[in-house]
Undergrad: 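Take this structure, written in structure tokens, and hold onto it; I'll ask about it next.
Quick note on labels: first sequence line is chain A, next is B, and so on, each numbered from 1.
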Amino acid sequence: GDSVTQMEGPVTLSEEAFLTINCTYTATGYPSLFWYVQYPGEGLQLLLKATKADDKGSNKGFEATYRKETTSFHLEKGSVQVSDSAVYFCALGSGNTGKLIFGQGTTLQVKP
Amino acid sequence: GAGVSQSPSNKVTEKGKDVELRCDPISGHTALYWYRQRLGQGLEFLIYFQGNSAPDKSGLPSDRFSAERTGESVSTLTIQRTQQEDSAVYLCASSYRTGSANYGYTFGSGTRLTVV
């Protein structure tokens with residue numbers, strides 16, 4: 001079945017460091033890919049998405065490119081801030097079922 | 001409404017009691033989903049509704065769990081004879097329609113259930 005695998009956390013970085021959170025997926029067909037973010041004490045928010053191969057999703061300085069050849073959707077940011085501290089979830093959307101399948105989540109801690 | 005509304009936000013219950021969680025989706029969203037998030041873990045799909053179609057219950061962990069939805073509005077998730085392993089945050093999400101995974105979901109803030 002479809003699945004998503006994320007790098008384990010926590011990831012601890014200093015402010016202004018470069019961030020990469022790896023995400024790979026297994027799916028039939030052509031899924032859409034998403035990154036959701038969960039700030040402390042808040043609900044999940046959609047951060048960015050890509051609906052087809054080679055698309056790049058971007059928002060708030062974060063980017064991720066849909067790589068069909070490597071079945072990956074790694075999240076990157078050039079310079080993280082303390083306010084980016086949160087749990088990040090990679091997700092795969094099945095166009096047939098509408099279900100989102102989530103990875104386990106990666107906790108990011110950014111220290112000043 | 002402006003967002004997905006869930007109630008209560010927190011619920012503490014004794015083992016063996018029944019609980020009912022409520023979700024009010026965004027107006028116009030025909031698809032509604034329930035997920036469970038255990039502490040430190042990812043999101044576990046439970047059930048989804050799409051209009052008047054039969055719901056996909058494939059994620060419900062046991063027959064103690066059930067859910068209903070009235071038309072394209074409010075949904076309730078019921079857990080009977082609660083167990084300590086049911087302790088989790090229960091998240092509801094809605095979207096325009098099934099097959100609209102391209103658009104992602106809008107999540108509510110969740111109900112934190114603690115079974116003591």
Side-chain angles (χ1 to χ4, degrees), chain A residues 1-10 21 23 25 27-53 55 57 59 64 66 73 86-109, chain B residues 1-7 9-10 21 23-26 29-51 53-60 88-112:
Chain A
D2 296 353
S3 65
V4 175
T5 303
Q6 288 182 237
M7 64 185 291
E8 291 190 15
I21 300 178
C23 171
Y25 67 91
T28 55
Y30 303 95
S32 295
L33 301 172
F34 304 84
W35 278 99
Y36 279 81
V37 58
Q38 188 173 33
Y39 297 104
E42 299 185 16
L44 271 77
Q45 302 173 26
L46 178 63
L47 180 60
L48 55 84
K49 67 181 181 185
T51 59
K52 61 183 187 296
D55 269 2
N59 186 24
Y66 189 142
F73 193 56
V87 182
Y88 292 82
F89 291 92
C90 185
L92 174 160
S94 166
N96 291 330
T97 67
K99 288 184 198 177
L100 280 182
I101 297 170
F102 287 84
Q104 293 298 99
T106 303
T107 300
L108 170 66
Q109 298 173 337
Chain B
V4 177
S5 177
Q6 290 188 248
S7 61
S9 54
N10 281 284
L21 312 180
C23 173
D24 202 339
I26 291 173
H29 279 193
T30 59
L32 185 147
Y33 311 82
W34 284 97
Y35 283 80
R36 177 169 71 178
Q37 185 179 21
R38 289 189 167 126
L39 185 63
Q41 298 188 19
L43 275 73
E44 177 186 0
F45 167 78
L46 296 177
I47 187 171
Y48 86 75
F49 298 88
Q50 166 56 24
S53 300
D56 179 344
K57 304 179 181 180
S58 60
L60 294 178
V89 176
Y90 289 82
L91 291 166
C92 177
S94 69
S95 66
Y96 280 108
R97 63 188 186 278
T98 302
S100 67
N102 287 346
Y103 301 96
Y105 303 167
T106 300
F107 279 88
S109 296
T111 294
R112 182 177 299 279

Undergrad: Give the minimum heavy-atom separation between B:G3 and B:I26, together with the two atoms involved.
TA: C-CG1, 3.6 Å
Undergrad: Please state whether the side chain, the backbone, both or neither of B:E44 comes within less than 4.5 Å of a heavy atom of chain A.
TA: neither
Undergrad: As a test of understanding, state which of A:F34, A:Y88, A:Y36 forms a side chain to side chain contact (heavy atoms under 4.5 Å, CB included) with A:L47.
TA: A:Y88
Undergrad: Side chains of B:S95 and B:Y33: any donor to acceptor distance under 3.5 Å?
TA: yes
Undergrad: So which part of B:S58 gets closer than 4.5 Å to some heavy atom of chain A, the side chain, the backbone, both or neither?
TA: side chain
Undergrad: Okay, side chain of A:N59, backbone of A:L48: is any donor-acceptor separation there less than 3.5 Å?
TA: no
Undergrad: Which one wins on heavy-atom pair count under 4.5 Å against chain B: A:E42, A:Q6, A:Q38?
TA: A:Q38
